[in-house]
Amino acid sequence: MERQKPRTLSGFMELLPAPQLQMERMMEVLRETYGLYGFTPLDTPAIEASEVLLAKGGGETEKQIYRFTKGDADLSLRFDLTVPLAKYVALHYGELTFPFRRYQIGKVYRGERAQRGRFREFYQADIDIIGDGKLDILNEAEIPAIIYQTFSRLGLQRFQIRVNNRKILNGLFAVLGLSEQASDVMRTIDKLEKIGADKVAELLTGEFSVPPEAAATLLSVLQADASLAALAPFAGQNALLDQGIDELSQVANAMTAFGVPQSHFKIDLTIARGLDYYTGTVYETLLLEHPEIGSICSGGRYDNLAEYYTDKPLPGVGISIGLTRLFYVLGEQQLLNADRLNAPADVLILPMTADLNPAIALATKMRSAGLRTLLYSEDKKFKQKIGYADKLGIPYVLFLGEDELAAGIVACKDLRTGEQTKQSADETIALLLKALAPQRDIPVIREN
RNA sequence: GUGGGUAUAGCUCAGCUGGUUAGAGCACCGGAUUGUGGUUCCGGGGGUCGAGGGUUCGAACCCCUUUACCCACCCCA
């Protein structure tokens, strides 16, 4: 028989059991937190008709999309969750209640070169709020609060949400006579933190024929410490700019009421975001200890979610967490908690008698009590039986042999301390529940 | 898509100017220790050296082709 070498495609993450459990816990925290803000879950197909996903046409997405045919059907794998959302909202417009708040955690696919922390299949965790015709600015202030809650609940502390408004940038571009190159300039200033002001100035004046004075003015305003104050001299020159300044001020004020501490957000005029559908507030979230990894959560306000599917104006605001990348980076930085929840069970029962029935009854009893229980039924040597618990990180082992059965007790060993107790099944269950309770509150992420 | 690099055991890697049966650590299996693991000691299994072709008396090593992977850029989560 010809055997194939087992392999996993580059850019596709495949985890071992313990890290997979951590990943699932992260997702649970996200679902819980999003639920607190009234978002409902949504799931859409991973595959869509190509004409739906490529309705917008052209650009990078078309080059990166996984596209194939099956019979006569021209199909594509979704490359984000926003386009499927647009389709969904347009399709079910009449049945949805607006503002529509949904969260979606799902895999997306991008056929680009994989790199460390850069995947071809990865999870995005998105939340969006879609309005019917209008959507109040307050929603744009609530989003950072959700970001703050989410990361806090995961156990992260040292992060910062950076906020800007595209109207300010576009307004400034207009004042400086750069409206024609707006998209290129936008993408270039977004690289400020990565490549520095000198390189950006070089690119602007070189590649995109921005006059040197305009580039200098732009950079000095964007990089000023007191952002809103630096914009003051431009007030009244451009309606869009004025509106942007007003919106950004409102958002910043309301964010505090929504519970985002000053320490965790910052107005930063250099946040631009590459995607061109953002029209107002934009967000980026950085790990303060690891700014080099870039944004772990980004998004913003857009005016027309579903313009390619319907003529209904559907403004919205949303963000996306790159879960796979976040998980990868946290693991690499050793910020993930290795606690007993990464074990598949709390207790392993080792029957020492030929008759397994008492052990089965005990397992059933423990599961009813809420203990994650494994029953070792394989006929192996003792060393291998207890080694099973050891390798899986299961903290407690229960021995059930002739002696214990005769005495009506169970022997319970704590593998971490080596201590062993001998008492009734009920007493043992109570003991374990008490011992394990505090660990349920340990967050996924452990900083420091 | 553009440019650069790497490919040897399950994993991380060593392997001298080409020279006999290709090594280490970790992991795995067994024993010391058949109702007490994780530590220690002893032993063991495991590799068509990414694939195909060429040069040579002889190739993991040199040459060609090819595939995969990694890094940077583009773009992005």
Side-chain angles (χ1 to χ4, degrees), chain A residues 2-13 16 58-65 78-82 104-126 147 183-184 186-188 190-191 194-195 199 203 207 272-276 278 283-287 293-300 318-330 348 350-353 376 379-405 410-422:
Chain A
E2 179 102 12
R3 288 188 202 282
Q4 293 298 315
K5 267 189 189 166
R7 68 190 183 105
T8 302
L9 261 23
S10 162
F12 288 71
M13 177 183 267
L16 288 170
E60 287 295 320
T61 44
E62 191 144 6
K63 281 193 279 180
Q64 295 189 350
I65 204 157
R78 63 186 178 199
F79 59 89
D80 69 11
L81 299 177
T82 305
Q104 182 167 7
I105 300 176
K107 281 178 172 175
V108 302
Y109 300 83
R110 293 186 189 176
E112 57 186 334
R113 277 263 147 70
Q115 273 172 51
R116 152 217 271 213
R118 152 80 60 104
F119 297 87
R120 298 206 270 212
E121 177 191 65
F122 58 96
Y123 278 102
Q124 285 195 324
D126 282 28
I147 300 175
S183 183
D184 290 327
M186 194 83 78
R187 236 179 305 109
T188 309
D190 201 44
K191 293 178 187 169
K194 193 176 178 188
I195 63 177
K199 288 264 186 186
L203 276 173
E207 295 275 318
R273 302 270 74 223
L275 296 177
D276 48 13
Y278 294 125
Y283 318 95
E284 251 178 35
T285 305
L286 297 178
L287 299 180
I293 66 173
S295 174
I296 53 169
C297 166
S298 348
I319 48 144
S320 178
I321 298 177
L323 245 195
T324 303
R325 176 181 288 176
L326 178 61
F327 182 82
Y328 175 84
V329 169
L330 291 172
L348 178 71
L350 294 192
M352 315 293 260
T353 55
Y376 197 96
D379 182 25
K380 290 269 180 70
K381 290 182 179 172
F382 183 84
K383 187 187 167 103
Q384 288 167 313
K385 290 181 178 178
I386 194 167
Y388 188 73
D390 191 47
K391 282 178 186 164
L392 291 178
I394 299 169
Y396 295 98
V397 174
L398 297 193
F399 305 106
L400 205 55
E402 303 291 357
D403 300 350
E404 287 82 6
L405 284 174
V410 295
C412 174
K413 177 164 182 166
D414 181 337
L415 286 192
R416 293 163 303 182
T417 63
E419 284 167 26
Q420 193 162 319
T421 59
K422 291 193 170 194

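Lettering follows sequence order; numbering is per chain, from 1.
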(message) So, does A:Arg110 get its side chain near the phosphate of B:C75, meaning an N or O under 4.0 Å from OP1 or OP2?
(response) no
(message) Distance check, P atoms only: B:G52 and B:G43, in whole angstrom units.
(response) 37 Å
(request) Ignoring hydrogens and angles, tell me if any N or O in the side chain of A:Arg78 forms a donor-acceptor pair with the backbone of A:Lys107 under 3.5 Å. (result) yes
(message) Could you tell me how far B:G47 sits from B:C13 if I compare only their C1' atoms? Round to whole Å.
(response) 14 Å
(request) Could you tell me whether the side chain of A:Arg120 and the main chain of A:Ser10 form a donor-acceptor pair under 3.5 Å? (result) yes
(request) Indicate, with a heavy-atom threshold strictly under 4.0 Å, whether A:Arg118 touches base, sugar-phosphate, or nothing. (result) base
(request) Report the base-pairing partner of B:A7 (Watson-Crick or G-U wobble, both distances below 3.5 angstrom), or none. (result) B:U67
(message) Would you say that A:Leu81 contacts A:Val108 through its side chain, given a criterion of any heavy-atom pair below 4.5 Å between the two side chains?
(response) yes
(message) Please report the distance separating the C1' of B:G53 from the corresponding atom of B:A59, rounded so that it comes out in whole Å.
(response) 14 Å
(request) Report the distance from atom CG of A:Leu203 to atom C1' of B:C73, rounded to the nearest whole Å. (result) 12 Å
(message) Both A:Arg120 and A:Thr324 contact RNA chain B. Taking the nearest nucleotide for each, which residue is further toward the 5' end?
(response) A:Arg120
(message) Can you check the distance between B:G31 and B:U48, where both ends of the measurement are the P atom (answer in whole Å)?
(response) 28 Å
(request) Starting at atom CG of A:Leu330, determine the distance to atom C1' of B:A77, rounded to an integer number of angstrom. (result) 13 Å
(request) Mind checking A:Lys107 for me? I need base, sugar-phosphate or nothing, with any heavy atom below 4.0 Å counting as a touch. (result) nothing
(message) Partner lookup for B:U33, please. Criteria are Watson-Crick or G-U wobble with both distances under 3.5 angstrom; report none if nothing qualifies.
(response) none
(request) Using atom CE of A:Met352 as one end and atom P of B:U36 as the other, report the distance to the nearest whole Å. (result) 8 Å
(message) Whether the side chain of A:Asp390 and the base of B:G37 hold a donor-acceptor pair under 3.5 Å is what I'd like checked.
(response) yes
(message) What's A:Lys391 touching, base or sugar-phosphate or nothing? Going by heavy atoms closer than 4.0 Å.
(response) sugar-phosphate
(request) Between B:A72 and B:C76, how far apart are the C1' atoms? Round to whole Å, please. (result) 15 Å
(request) Pick the P atom in B:G30 and in B:C73, then give their distance to the nearest Å. (result) 48 Å
(message) Under 3.5 Å, is there any donor-acceptor pair linking the side chain of A:Glu284 to the base of B:A77?
(response) no
(message) Would you say the ring centers of A:Phe79 and A:Tyr109 fall short of 6.0 Å from each other?
(response) no
(request) Can you figure out which of B:C70, B:G30, B:C74 approaches the side chain of A:Ser10 most closely? (result) B:C70
(request) Respond yes when some side-chain nitrogen or oxygen of A:Lys191 is under 4.0 Å from OP1 or OP2 of B:C75, and no when none is. (result) yes
(message) For a quick check of understanding: with a heavy-atom distance under 4.0 Å over all strands, which category does A:Gln384 fall into, base, sugar-phosphate or nothing?
(response) sugar-phosphate
(message) Counting the atoms with a prime plus P, OP1 and OP2 as sugar-phosphate, which does A:Lys381 contact under 4.0 Å by heavy atoms, base, sugar-phosphate, or nothing?
(response) sugar-phosphate
(message) I need the CZ-C1' distance between A:Arg187 and B:C75, as an integer number of Å.
(response) 9 Å
(message) Partner lookup for B:A24, please. Criteria are Watson-Crick or G-U wobble with both distances under 3.5 angstrom; report none if nothing qualifies.
(response) B:U12
(request) For the pair A:Asp414 (side chain) and A:Tyr396 (backbone), establish whether a donor and an acceptor sit closer than 3.5 Å, ignoring hydrogens and angles. (result) no
(request) Specify the separation, in whole Å, of atom NZ of A:Lys422 and atom P of B:U36. (result) 12 Å
(message) Within the structure provided, determine whether A:Glu402 and A:Thr353 are in side-chain contact (heavy-atom separation under 4.5 Å).
(response) yes
(message) From C-beta outward on A:Gln64, which listed nucleotide comes closest to its side chain: B:C70, B:G35, B:C75?
(response) B:C75
(request) Examine A:Arg118 relative to A:Tyr328 and say whether NZ or CZ is less than 6.0 Å from the centre of the six-membered ring and inside a 45° cone about the ring axis. (result) no
(message) Going by centres under 5.5 angstrom and planes under 30 degrees, do the aromatic ring of A:Phe122 and the base ring of B:A77 stack?
(response) yes
(request) Could you state the atom-to-atom distance from CD of A:Glu112 to C1' of B:U2 in whole Å? (result) 15 Å
(request) For A:Phe119, report the nucleic acid contact type (base, sugar-phosphate, nothing); a contact means any heavy atom under 4.0 Å. (result) base
(request) Using whole Å, report how far CG of A:Asp190 lies from P of B:A77. (result) 10 Å
(request) Report the base-pairing partner of B:U2 (Watson-Crick or G-U wobble, both distances below 3.5 angstrom), or none. (result) B:A72
(message) B:A72, OP1 or OP2 - any side-chain N/O from A:Gln115 closer than 4.0 Å?
(response) yes
(request) Report yes or no: is there a donor-acceptor pair, N or O only, under 3.5 Å between the side chain of A:Arg7 and the base of B:A68? (result) no
(message) Can you confirm whether A:Leu348 sits close enough to A:Lys385 that some side-chain heavy atom of one is under 4.5 Å from a side-chain heavy atom of the other?
(response) no
(request) Please report, rounded to the nearest Å, how far the P atom of B:C76 is from the OH atom of A:Tyr283. (result) 19 Å
(request) Give one of base, sugar-phosphate or nothing for A:Glu402, where a contact means two heavy atoms less than 4.0 Å apart. (result) base
(request) Could you give the distance separating B:C62 and B:G15 at their P atoms, to the nearest angstrom? (result) 13 Å
(message) Taking atom types as they are modelled, would you say the side chain of A:Arg113 forms a donor-acceptor pair with the base of B:C70 within the 3.5 Å cutoff?
(response) no
(message) As a test of reading the structure: which of B:G37, B:C70, B:G35 is closest to the side chain of A:Lys383, going by heavy atoms?
(response) B:G37
(message) For a quick check of understanding: with a heavy-atom distance under 4.0 Å over all strands, which category does A:Glu419 fall into, base, sugar-phosphate or nothing?
(response) nothing
(request) Could you give the distance separating B:A27 and B:G46 at their C1' atoms, to the nearest angstrom? (result) 12 Å
(request) May I ask you to test the A:Lys383-A:Tyr388 pair for a side-chain heavy-atom distance under 4.5 Å? (result) no
(request) Please tell me which of the listed nucleotides, B:C29, B:C74, B:G35, lies nearest to the side chain of A:Phe399? (result) B:G35
(request) Please check the phosphate of B:C73 (OP1 and OP2 only) for any side-chain N or O of A:Lys194 closer than 4.0 Å. (result) yes
